[in-house]
Trainee: 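This structure is in structure tokens; I'll ask about it shortly.
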Amino acid sequence: MSAIVIDGKSAANSIREAVKAKIIERVTKRLPIPGLATVLVGDDPASQSYVRAKHRACEEAGIRSVAVNLPADISQQDLDCVLSDLAKDSTVHGILVQLPLPKGLDEENVLKAVPLEKDVDGFHPVNIGRLAQKGRQPLFVPCTPSGVIYLLKEYIDTLVGKQAVVLGRSNIVGMPVSLLLIKENATVTICHSRTKDISTITKKADILVAAIGRPEMVKGNWIKPGAVVIDVGVNRVDDSSKKRGYRLVGDVDYEEALNVASAITPVPGGVGPVTIAMLMKNTLIAAERADA
Ligand code: GUN
């Protein structure tokens, strides 16, 4: 059996085209152009590359974007001032602070400084609280988790009652994706670094979401035949045959998984592009709410 390869680029294009069409409509109605500010602290190459991709996507969608690049040794107070200015700026509808932050900065305080109505990443503690509560909805669905659910729904008619196993419990992916899967009425098991005998658990999963940041950790014999596998991992591994000296691999051993799963996302070209498309969508939603 060879799994269907879930095409994240094509899914992302559909989302981005829909956003672009709505922005063109806004322009004809003389409504404000949606604006996104990214805040990047430090010079981590992977974060720089993610932020560049977000700005490229904004440009293509017709979103005005502002890049705020700050030194790694910025004080908490100075960072708070930058965020407070962006919070007051009515041309900025969405604010994204790229994570992880350099050591010495308090992530929770920084995320709380982004006003809820501009929190297009959906990382504000109140937003996550709403995501976690039954009968409540978040203001913004965090982008990567939202992309994971979107891709799953393209290949599975219903998530209701499915056994979903999430590898990883990070604030950015593992925890919010688990909460979303629960909202979809899946039965969710979260595995993490202290989980014993992980492969026994993953082998029972109809849906396996890998977000652990360990290159190719999930082997073919960890996967239930016919499972849908969503690989959120983006890991750089040394490869001297490549001009840049590394290649990107996921958390799943892709070649092995292809023979067992019914559908799988590739890395790159799977979840990554959909994450960025969801950011464009959330920025548009923030601008639409600001019209009212
Ligand atoms: N770092 C890794 N993924 C993300 C993301 O989706 N948003 C932000 N702000 N930082 C990240």
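In this text, all values refer to a predicted model and were calculated from it rather than measured experimentally. Whatever order the structure lists ligands and atoms in, that order sets their numbers, starting from 1.
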Trainee: Looking at Leu96, which atoms of ligand 1 are within less than 4.0 Å of one of its heavy atoms?
Mentor: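 Answer for ligand 1: 9 (N).
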Trainee: Determine whether more than 12 heavy atoms belonging to other residues, nucleotides or ligands lie under 6.0 Å from atom CZ of Arg136.
Mentor: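 For Arg136, atom CZ is not crowded (no more than 12 foreign heavy atoms under 6.0 Å).
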Trainee: Would you mind running through ligand 1 and noting each atom that sits below 4.0 Å from a heavy atom of Val97?
Mentor: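 Within the 4.0 Å cut-off of Val97, ligand 1 contributes 8 (C), 9 (N).
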Trainee: Less than 4.0 Å is my threshold; does some heavy atom of Phe123 fall inside it relative to ligand 1?
Mentor: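 So Phe123 counts as touching ligand 1.
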Trainee: What residue and atom, counting heavy atoms only, is the protein's closest point to atom 1 (N) of ligand 1, and at what distance?
Mentor: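 It is Leu99 O, 2.8 Å.
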Trainee: Can you find a side-chain donor-acceptor pair between Gln163 and Lys224 that sits under 3.5 Å?
Mentor: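 Their side chains do not contain a donor-acceptor pair, so the 3.5 Å distance test is not met.
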Trainee: Taking Ile33's backbone N and O only, do any of them form a donor-acceptor pair with Arg26's side chain (distance below 3.5 Å, no angle check)?
Mentor: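 Absent.
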Trainee: State whether Arg289 and Glu117 are salt-bridged, where the test is any N-O pair (Lys NZ or Arg NE/NH1/NH2 against Asp/Glu carboxylate O) under 4.0 Å.
Mentor: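 Salt bridge flag = no for Glu117 with Arg289.
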Trainee: Of the protein's non-hydrogen atoms, which lies at the shortest distance from atom 6 (O) of ligand 1, and what is that distance?
Mentor: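 For this ligand atom, the closest protein heavy atom is Asp121 OD1, 3.9 Å.
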Trainee: Distance to 0.1 Å, residue and atom name: give those for the protein heavy atom nearest to atom 11 (C) of ligand 1.
Mentor: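 Sorting protein heavy atoms by distance from atom 11 (C) of ligand 1 puts Gln98 NE2, 3.3 Å first.
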Trainee: Please confirm whether the backbone N or O of Leu36 pairs with a side-chain atom of Lys118, one donor and one acceptor, at under 3.5 Å?
Mentor: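 Not at all, since once roles are kept as given, no pair shorter than 3.5 Å links the two residues.
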Trainee: Please state which protein non-hydrogen atom is closest to atom 3 (N) of ligand 1 and give its distance, to 0.1 Å?
Mentor: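 Here the nearest protein heavy atom works out to Ile172 CG2, 3.8 Å.
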